[in-house]
Amino acid sequence: MSLKHLHRKLRNTDLPSEEFDPISAFESFETPVISNIIPPDRYTEPKEDYSDIITKVEAKKPQLASALKKLNLYQQQAVFSEDQKLLLSAMVGSGKTTVLTHKVLYLHFIKGIPLSQMAVLTFTNKAAREIKERILSFYENSTPPNSDELRYFGTFHSVARQLIKEHPKLQELGFTPDFSIMDQEAKEDFLQRLIVSHELDVKYRNKLDKRLKLYRNEKQIIYGNMKNPDDLVQLLNISRKEKQANNLMDFDDLISVINWLLKLKKTFIPEWIIVDEFQDCNQEQIELIQNLSDDQNHFFAVGDPNQSIYAWRGSTNVIFQNYIEDQSFVIMRLPLNYRTSGQLLNAASCLLQQNNDALQATRDQGKKLIIRNHFDDHQEAYYYVQKFKEVHQKGTPWTEIAVLFRTRQQIAIFESVFQLEGIPCEVVSKTKLREQAALFWLQNILLSGLHPNDMDSILRVFTSTDFGCLKAGKKLLSAYSKFTEGKEFASKLEAFSCFLSEKYKKHAEYIDLCQRLMGLADYLQSRKRDVNLYQYLSLDFFLKPTSINYQDDVADIKNALNELDHYTSKNYFGDWLEIYRAALSQVSLEGHFQINSGIQTETKGVRLLTIHAAKGLEFDHVYLSGANSGIIPLERKKAGYDHLKEEKRLLFVALTRAKNHMEISWHTKSSAWNAQDGPSYFLNSIPSALVEKVDTAPAKNSAIETTQKVESNDDSKWKVGTKVKHPKYGTGEIKSCNEQDVVCDFGKFGEKSFASAWAPLVKI
DNA sequence: CTAACGGCAGTTTTT
DNA sequence: CTGCCGTTAG
């Protein structure tokens with residue numbers, strides 16, 4: 001039976017019992033798949049008491065001892081374990097970061113392991129920063145470790161960058177240690193430029209990234225409706241050569257290059273390898289861990305198979321299985337949850353596959369999980385406006401409230417309603433450097449100065465719509481390549497400088513800028529501490545003091561330059577140029593200029609985020625919005641059984657974000673694409689004793705209510721006969737309309753119908 | 001050479 | 001439902 005049919009069947013039948021579990025139903029149809037379940041007898045249980053060790057710690061480092069006393073026995077067991085290979089299966093909210101940092105401190109202060117002999121690997125910059133900060137906070141009265149000692153504390157990618165730079169065989173791959181890092185978008189620009197300048201035929205160009213992944217993982221060239229292979233392979237070959245020639249690496253290259261180098265020659269074996277969020281490792285990251293190991297050194301990994309929600313990104317779901325079978329691994333657990341109240345946690349754990357008492361609540365019973373039915377997202381948004389005002393009145397700060405969504409598209413309507421009704425709110429998503437024109441321009445200026453062969457950065461400096469002087473496009477590229485044909489230049493930057501002064505004499509200031517960029521490296525070297533890049537590059541001229549954004553741009557750029565200053569002087573070890581390059585790499589890796597620890601932007605307001613983005617966070621009140629079947633689990637054409645399981649874990653993650661109040665909503669009439677009527681059938685695996693079901697409003701009344709609401713807030717709703725304008729079809733006249741659809745006659749384009757809430761029509 | 005139609009895929013996001 | 005490719009009909 002196909003997944004699609006199963007979906008159909010589950011939707012159309014009244015489910016036999018409340019405890020019916022579609023996953024087990026599905027399992028009985030399909031061949032069994034490897035599971036992540038760790039058998040209970042595989043766990044090493046803690047001792048009754050660790051006070052003997054704590055007494056020893058007390059003698060050496062009283063501050064650490066008092067912190068260790070606060071841990072529970074499972075946590076102490078993991079911290080004190082001297083097993084060579086240890087896997088810690090940490091349940092949600094069980095204090096895994098605490099264990100990890102205490103373990104590092106214990107190893108360092110008590111076991112005498114130098115921090116520089118530990119590789120502490122995380123997936124996100126946020127996690128890396130948190131661990132470093134917690135460690136530094138232990139040095140209140142003594143000199144903290146310098147950044148050189150914490151060199152191998154960081155994300156997989158930043159540690160890989162560090163290791164690549166230090167590796168003696170890098171030249172053999174055609175790179176030099178001052179390579180520059182392209183972020184995802186820079187890589188995309190780079191490939192698109194190659195396609196244009198080499199006149200390659202590549203289909204689905206806007207889905208290039210997806211296609212490259214497919215090719216890398218499954219060697220698949222045909223995508224979508226393609227019949228014949230295109231020039232994708234050729235593009236990859238050209239891009240590889242181009243990257244080597246110009247000393248560029250993308251994020252993926254960082255990991256694969258270091259793996260290649262370490263296989264050639266192992267240069268560094270840390271005494272301890274410590275990995276956070278181990279379940280998110282992909283194959284290459286596992287390889288990196290292996291390449292950093294020999295049979296002497298220690299390995300400690302913390303992870304939670306139940307929170308593995310990134311399989312689609314390549315994290316291997318067999319990872320825990322492998323280590324369970326490997327008897328040389330000791331496995332411990334952290335079963336005690338400190339975050340969520342009892343009944344909510346019980347409800348959440350019904351979604352797990354291992355349903356023995358793997359997850360234990362330590363808190364009070366608390367309130368029941370609420371499953372609420374709304375007519376649609378609009379009604380729900382207004383319900384939240386009321387509800388949040390009440391909750392806030394009773395003393396819950398806005399920041400302790402979060403609304404979770406499965407997809408990003410669901411968020412917009414809530415944001416606009418909250419803004420309209422005065423609920424402070426914030427959509428959590430990373431603001432891209434690219435969207436802040438001035439900072440993006442600065443980044444490219446510095447990149448072109450420090451990596452004079454980085455053609456894309458150079459191009460972006462001079463073709464920036466706000467601050468450049470040239471127009472980007474095929475014309476420019478071909479003019480440039482015609483100009484350089486048969487000539488030799490020391491660097492791309494020099495070539496471009498000649499090109500400018502030959503063909504664009506009138507842009508004297510930009511030719512000047514080019515000259516100064518060529519001198520940037522020398523400037524940074526010779527002026528040592530006393531750099532003033534703002535002046536040196538005459539940025540004030542380019543920021544155009546007459547422009548409307550001038551004040552903001554100058555402030556942003558000065559801030560960014562301060563950050564760079566701070567970073568470079570803090571991490572200075574004897575080579576200014578090198579440290580500036582490191583700083584810029586960090587900017588690429590983190591996607592912003594705030595690269596110094598300790599600086600976190602304070603958020604205020606209710607948070608609107610996807611479940612994925614909520615991982616690792618916790619809130620007092622959590623609302624999961626629009627949990628209809630078809631959304632949770634998100635239905636796809638090509639869905640596997642693993643996909644279903646991951647979607648279930650995703651729901652688990654959502655439910656365990658809440659400390660005290662959790663509400664799941666579903667819509668009678670969902671506007672989301674693909675959504676089915678009715679609540680997620682995953683919810684059927686939660687016994688009714690743990691749930692409070694609320695039918696907010698009978699469908700008909702609320703339908704009228706919501707449309708009235710819409711009309712009162714937005715008085716431009718359609719009436720028959722209204723003349724309207726459409727961006728594509730031009731002017732037309734409304735032929736009919738109801739609360740869902742608008743039909744409009746556009747003359748020569750004929751009649752078109754739109755969803756009334758979203759119709760791109762303007763009244764005229 | 002262009003318009004119309006059929007078929008397929010789409011989410012989530014960190015570095 | 002949208003965007004894109006490939007085919008086919010005019």
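Protein chains get the first letters and strands the later ones, always in sequence-line order, with residue 1 at the start of each.
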d([atom1], [X]; [atom2], [N]) in whole Å:
X	N	atom1	atom2	result
A/Asp280	B/dT12	CG	P	18 Å
A/Lys210	C/dC4	NZ	P	15 Å
A/Leu624	B/dT12	CG	P	15 Å

Within 6.0 Å of NZ in A/Lys432, more than 12 heavy atoms from elsewhere:
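Open.
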What residues form a side-chain contact (heavy atoms from CB on, under 4.5 Å) with A/Ala301, not counting sequence neighbours?
A/Leu87, A/Val275, A/Phe278, A/Phe299
For A/Ala583, enumerate each residue passing the side-chain contact (heavy atoms from CB on, under 4.5 Å) test, keeping only those at least two apart in sequence or located in another chain.
A/Leu564, A/Tyr567, A/Thr568, A/Ile595
Can you list the residues that meet the salt bridge (Lys or Arg N to Asp or Glu O under 4.0 Å) rule with [X], with sequence neighbours excluded?
X	result
A/Glu618	A/Arg339, A/Lys659
A/Asp189	A/Arg434, A/Arg460
A/Lys213	A/Asp209
A/Glu166	A/Arg151

For [X], what residues pass the ring-ring contact (aromatic ring centres under 6.0 Å, His included) criterion, not counting sequence neighbours?
X	answer
A/Trp260	none
A/His157	A/Phe251
A/Phe418	A/Phe388

Are there any protein N/O atoms within less than 3.5 Å of an N/O atom in nucleotides 13-15 of chain B, and if so, which ones and at what distance?
| residue | atom | partner | partner atom | Å |
| --- | --- | --- | --- | --- |
| B/dT13 | OP1 | A/Thr610 | OG1 | 2.2 |
| B/dT13 | OP2 | A/Arg408 | NE | 3.2 |
| B/dT13 | OP2 | A/Arg408 | NH2 | 3.3 |
| B/dT15 | OP1 | A/Asn125 | N | 2.4 |
| B/dT15 | OP1 | A/Asn125 | ND2 | 3.3 |
| B/dT15 | OP2 | A/Lys430 | NZ | 3.4 |

For DNA chain C, find the residues of residues 199-207 of chain A with a heavy-atom distance under 4.0 Å and give them by number; none if there aren't any.
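Output list: A/Lys203, A/Tyr204, A/Asn206.
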Contacts to DNA chain C from residues 221-236 of chain A, heavy-atom cutoff under 4.0 Å, which residues?
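Result for residues 221-236 of chain A: A/Asn225, A/Met226, A/Lys227, sorted by number.
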